[in-house]
Q: 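Structure provided below as structure tokens; questions to follow.
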Amino acid sequence: MSTQPVATQSPSVEEPVNMPEPQSLTPERLRAWAWHRQGLDGSLAGCTAEQVFARAGWARSVGGANPYLTLFARAGIRREQVDADVLAHRILELPVARGCTYVLGREDFAWALKLGKDAAEAVRVLGRLGVDRGEITLLEDQVLHVLAEAEGPMDPRQLKEELGDSVRNLGEEGKKKGAATTLPTALGILQSQGKIRRVPANGRLDQQRYAYEPWDLAPSGIDDDAVRTELIRRYLGWTGGATLKQSQWFTGFTVAQSKAALAAVGAVEVPTALTTDQTAAGGDALWMLPDDVGRLASFDAPAEEQIQLLAGTDSLFLLRRNAADLLAEEDQHRPALGSLALQADLPDHPILDRGRIIGLWQYEPANERIVPWLFHGPTPAVTQRIVEVEAWIREDLGDFRAFSLDSPASRQKRIDALAASAETPAAASTSGGAR
């Protein structure tokens, strides 16, 4: 199995790029374009989990069900197959961009691990607490020895018991800095080096209980500049185009690093209908891969409804944190939405049609049902998709957790708010979904 990323080829500056007219790149068209690039239009049906993550981007985990719905919505993959892929290490949850955990395919493991930043920062924190690097190095060696001798994966509690006094308690000062003991730092370093891997303790991605086992991942062999270039190439492909600030949020790169990576992949700055003279230097203008510029120029939005229920942390939103852009202007100031149009992250899960948010939903396990709020009332296609996702949650997951601490009790207030909004006269309109 290759551990190298696909080689990035910078296009010749001599090659002409078929630029779309800025005024043709309306919010509606760009929503549909992002929807298509994310494979939410049915173009990923029948693909494997690895193929979905390669096309649509890595799935944010945080102990929630988003990875499962990411794969079900795009390729119809059921939880049993996803869990089997995790067990076979075809996909894994790893700390990558900005040190945050995502689920990704095995072709990306080695180079993507070089993006993690948490381990280096943790070492600096421990240094300020009086722990030198040699002590952590010794602990790393001991962890590797214990895991090599173990009969199976070990969770942090088991490791701490086995390692005994080798794990130093850092007291109240350490707790304040997020480092109660030295063990998490050693585990983070070993994982970033591909020497151990973290696996779900019960095999499920939507419950944040983990164990560790030995790993012998071959290093990627590429330098930091090449890693940054590869991530930008992937990111622009996943999104179909993003602003400089949006790319920086996802990658964590500096302005200089971002511009160097954009230049390395031959990215093209594409003005849109919303771009003004004041924002042309990096506001609403999108940076795109050259081939995607041409594809966008000839892209036509689908005429028929394409309905999906997604998680609030789906790649469609999280990669650019632009939920407000996916709301039609007429829907941005509904009283029950509160400040949704002004915030980056969604308070509930979205219902969409061709990239436009047409409603919100939550799952109520006590009644085994989805509670939806549709801004303009349901169409037959919307009703059918709600029934399909509801049945999938009931049969495959049992509940739909947004993150590790999410629970039926904690989300009841949101469920009640959605139900109340759905009962208002405005929401009962039958004007149909997005058009």
Side-chain angles (χ1 to χ4, degrees), residues 1-12 48-59 61 85-86 88-124 133 136-137 139-141 143-145 147-148 185-199 212-238 247-248 250-254 256-267 289-291 319:
M1 179 192 74
S2 169
T3 60
Q4 301 286 350
V6 178
T8 299
Q9 298 291 333
S10 297
S12 169
T48 65
E50 293 176 78
Q51 291 169 331
V52 171
F53 293 143
R55 162 79 180 272
W58 307 328
S61 44
D85 287 340
V86 172
H89 308 136
R90 289 184 286 267
I91 62 174
L92 286 175
E93 181 187 43
L94 298 174
V96 286
R98 309 180 320 283
C100 295
T101 54
Y102 290 82
V103 181
L104 55 153
R106 57 185 161 183
E107 290 298 317
D108 294 344
F109 291 167
W111 72 268
L113 274 176
K114 292 175 70 85
L115 295 162
K117 297 180 179 180
D118 279 1
E121 177 59 29
V123 170
R124 287 192 287 270
R133 186 65 179 88
I136 300 302
T137 299
L139 181 56
E140 292 169 34
D141 292 340
V143 167
L144 290 175
H145 176 75
L147 289 178
T185 298
L187 294 174
I189 292 170
L190 291 170
Q191 186 172 215
S192 70
Q193 295 172 344
K195 294 180 180 179
I196 65 173
R197 60 186 158 217
R198 191 176 75 174
V199 294
Y212 293 87
E213 62 185 8
W215 202 11
D216 188 22
L217 181 67
S220 68
I222 62 176
D223 62 25
D224 290 344
D225 287 342
V227 167
R228 286 191 288 268
T229 297
E230 183 63 15
L231 184 59
I232 283 291
R233 185 182 71 81
R234 298 294 187 97
Y235 175 76
L236 295 183
W238 297 335
S247 75
Q248 282 187 272
F250 177 76
T251 63
F253 299 164
T254 66
Q257 291 169 341
S258 298
K259 289 184 175 180
L262 289 169
V265 300
L289 296 174
D291 288 348
L319 289 173

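All values below come from the heavy atoms of this structure, side chains included, with hydrogens, waters and symmetry mates left out.
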Q: Counting N and O atoms only, with roles assigned by atom type, does the side chain of R98 sit under 3.5 Å from a partner on the main chain of F250, one being a donor and the other an acceptor?
A: yes
Q: Between E50 and I91, is any pair of side-chain heavy atoms under 4.5 Å apart?
A: yes
Q: List the steps, then state whether side chain to side chain contact (heavy atoms under 4.5 Å, CB included) holds for L262 with L236.
A: CA-CA 9 Å; L262 289 169; L236 295 183; 3.8 Å; yes
Q: Just so I know, are the side chains of T229 and R233 near enough to count as touching, which here means a heavy-atom distance under 4.5 Å?
A: no
Q: Give a yes or no on whether D223 atom CG has more than 12 heavy-atom contacts from other residues, nucleotides or ligands under 6.0 Å away.
A: yes
Q: Once rounded to the nearest 0.5 Å, what's the spacing between atom CG of L139 and atom CG of L144?
A: 9.5 Å
Q: Measuring only between side-chain heavy atoms, which start at C-beta, is Y235 closer than 4.5 Å to S247?
A: yes
Q: For the CZ atom of R124 and the OG1 atom of T185, what is their distance to the nearest 0.5 Å?
A: 11.5 Å
Q: Would you name the heavy atoms of L147 and Y212 that are closest together and state the gap between them?
A: CD2-O, 3.4 Å
Q: Under a 4.5 Å cut-off applied to non-hydrogen side-chain atoms, are D108 and R234 in contact?
A: yes
Q: Is the ring pair W111/W58 parallel, tilted or perpendicular, if the boundaries are 30 and 60 degrees?
A: tilted
Q: Quick one: does V265's side chain get under 4.5 Å of L289's, heavy atoms only?
A: yes
Q: For residues A110 and P219, report the shortest heavy-atom separation together with the two atoms involved.
A: CB-C, 4.4 Å
Q: Whether the side chain of Q191 engages the backbone of R197 through a donor-acceptor N/O pair (distance < 3.5 Å, no angle test) should be reported.
A: no
Q: Within a 6.0 Å radius of atom NE2 on H145, are there more than 12 heavy atoms belonging to other residues, nucleotides or ligands?
A: no
Q: Is there side-chain contact between R106 and H89, with heavy atoms separated by less than 4.5 Å?
A: no
Q: Report yes or no: does S61 contribute a side-chain atom to a donor-acceptor pair with the main-chain N or O of T101 at less than 3.5 Å?
A: yes
Q: When you compare the side chain of D85 with that of T48, does any pair of heavy atoms fall below 4.5 Å?
A: no
Q: Any chance you could measure L187, atom CG, to S192, atom OG, to the nearest 0.5 Å?
A: 11.0 Å
Q: To the nearest 0.5 Å, what is the distance between CG on L94 and CH2 on W215?
A: 5.0 Å
Q: I'd like to check L231 versus R228 (side-chain heavy atoms, cut-off strictly below 4.5 Å). Are they in contact?
A: no
Q: Indicate the atoms forming the closest heavy-atom contact of G266 with P290, along with that distance.
A: O-CG, 3.2 Å
Q: Which value, rounded to the nearest 0.5 Å, describes the distance between L217 atom CG and I196 atom CD1?
A: 12.5 Å
Q: What heavy-atom pair brings L113 and V96 nearest, and what distance separates the two atoms?
A: N-CG1, 4.1 Å
Q: Could you grab the distance from atom OG1 of T137 to atom CD1 of I189, nearest 0.5 Å is fine?
A: 7.0 Å
